[in-house]
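Structure first, then comments.
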Amino acid sequence: QVQLVESGGGLVQPGGSLRLSCAASGLTFSSYSVAWFRQSPGSEREFVAVLFRSGGHTTYGESVRGRFTISRDNAKNMVYLQMTSLKAEDTAVYYCAADRGLIASTRRDASQYDYWGQGTQVTVSS
């Protein structure tokens, strides 16, 4: 049974930093591309970042580029999202996702991902 479990969310002040983690189990982790999405109330799920399984290619959403960094540790079956210069508009539930057959043209499409975590809340507020 595949499981993705996010952690590291919380309350942070504007301009602050936070690192999210996602622990994967039940799959050959190195064979999967991994991504982060986020969703705020009343909004659709938004693409944040993806890290492809081969080559380490990354793509970031326009609103987070230059502030967020996605990384992975295949030995530990972990995915991370380092978030810096956080803004109020970054407030959302953040989800980890994984897909084995992900292709570049659909990397921003949430429906393309096979597995999802339960999400972790990030609140940016003073």
Side-chain angles (χ1 to χ4, degrees):
Q1 179 182 358
V2 176
Q3 279 195 314
L4 301 176
V5 180
E6 301 95 336
S7 61
L11 174 65
V12 61
Q13 291 187 342
S17 299
L18 207 59
R19 189 177 84 153
L20 304 183
S21 299
C22 174
S25 61
L27 74 171
T28 305
F29 183 67
S30 60
S31 297
Y32 284 75
S33 298
V34 291
W36 290 93
F37 286 77
R38 66 186 183 186
Q39 189 168 21
S40 53
S43 300
E44 293 187 356
R45 195 160 292 191
E46 177 189 4
F47 170 78
V48 174
V50 64
L51 177 53
F52 282 86
R53 62 176 181 172
S54 58
H57 179 71
T58 58
T59 301
Y60 294 91
E62 183 65 33
S63 61
V64 307
R65 192 173 300 133
R67 300 187 297 123
F68 290 11
T69 303
I70 186 172
S71 62
R72 67 191 297 168
D73 185 335
N74 286 341
K76 296 181 179 179
N77 284 9
M78 296 291 293
V79 186
Y80 305 101
L81 185 69
Q82 179 67 50
M83 305 186 294
T84 63
S85 301
L86 283 162
K87 308 174 183 179
E89 49 264 42
D90 294 319
T91 295
V93 177
Y94 283 72
Y95 298 92
C96 173
D99 188 81
R100 186 168 184 173
L102 188 70
I103 60 176
S105 61
T106 58
R107 61 194 183 277
R108 294 182 173 87
D109 184 353
S111 69
Q112 298 301 310
Y113 290 79
D114 291 333
Y115 302 109
W116 291 86
Q118 82 292 345
T120 185
Q121 176 70 46
V122 172
T123 302
V124 184
S125 175
S126 56

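Each residue takes its place number in the sequence, starting with 1.
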CG/L102 to CD/Q112 distance, rounded to the nearest 0.5 angstrom? 7.5 Å

Who passes salt bridge (Lys or Arg N to Asp or Glu O under 4.0 Å) against R108, sequence neighbours left out? none

Under the side chain to side chain donor-acceptor pair (under 3.5 Å) test, which residues partner R53, sequence neighbours left out? none

Pairs meeting criterion salt bridge (charged side-chain N to carboxylate O under 4.0 Å, His left out) with involvement of residues 1-13, two or more places apart: none

Filter on side-chain hydrogen bond (donor to acceptor under 3.5 Å, both in side chains), then keep only pairs touching residues 14-35, sequence neighbours left out; what's left? none

Side chain to side chain donor-acceptor pair (under 3.5 Å) against S63, all qualifying residues, sequence neighbours excluded: R38, E46

Sequence neighbours excluded, the answer for ring pair (Phe, Tyr, Trp, His ring centres under 6.0 Å) partners of Y80 is none

Using side chain to side chain donor-acceptor pair (under 3.5 Å) as the criterion, list what pairs up with S40, not counting sequence neighbours. S43

Going from OG1 on T91 to CD on Q121, what distance comes out if it is rounded to the nearest 0.5 angstrom? 7.0 Å

How far apart are the closest heavy atoms of V2 and G26, and which atoms are they? CG2-O, 3.4 Å

Just jot down the side chain to side chain donor-acceptor pair (under 3.5 Å) partners of E89, sequence neighbours excluded, or say none. none

Separation between CE of M78 and SG of C96, rounded to the nearest 0.5 Å: 9.0 Å

Looking at OG of S126 and CG of L11, how far apart are the two atoms once the value is rounded to the nearest 0.5 Å? 9.5 Å

Among residues at least two apart in sequence or on other chains, which ones pass ring pair (Phe, Tyr, Trp, His ring centres under 6.0 Å) with F37? F47, Y113, W116

Salt bridge (charged side-chain N to carboxylate O under 4.0 Å, His left out) pairs, two or more places apart, involving residues 69-79: none

Give the other cluster members for L81, using side-chain heavy-atom distances under 4.5 Å between Ile, Leu, Val, Met, Phe, Trp and Tyr residues; answer none if it is isolated. V12, L18, L20, F29, V34, W36, V48, L51, Y60, V64, F68, I70, V79, M83, L86, Y94, V122, V124

Residues forming a salt bridge (Lys or Arg N to Asp or Glu O under 4.0 Å) with E62, sequence neighbours excluded: R65

If I compare all heavy atoms of V5 with all of Q118, which pair ends up nearest, and what's the gap? CA-OE1, 3.7 Å

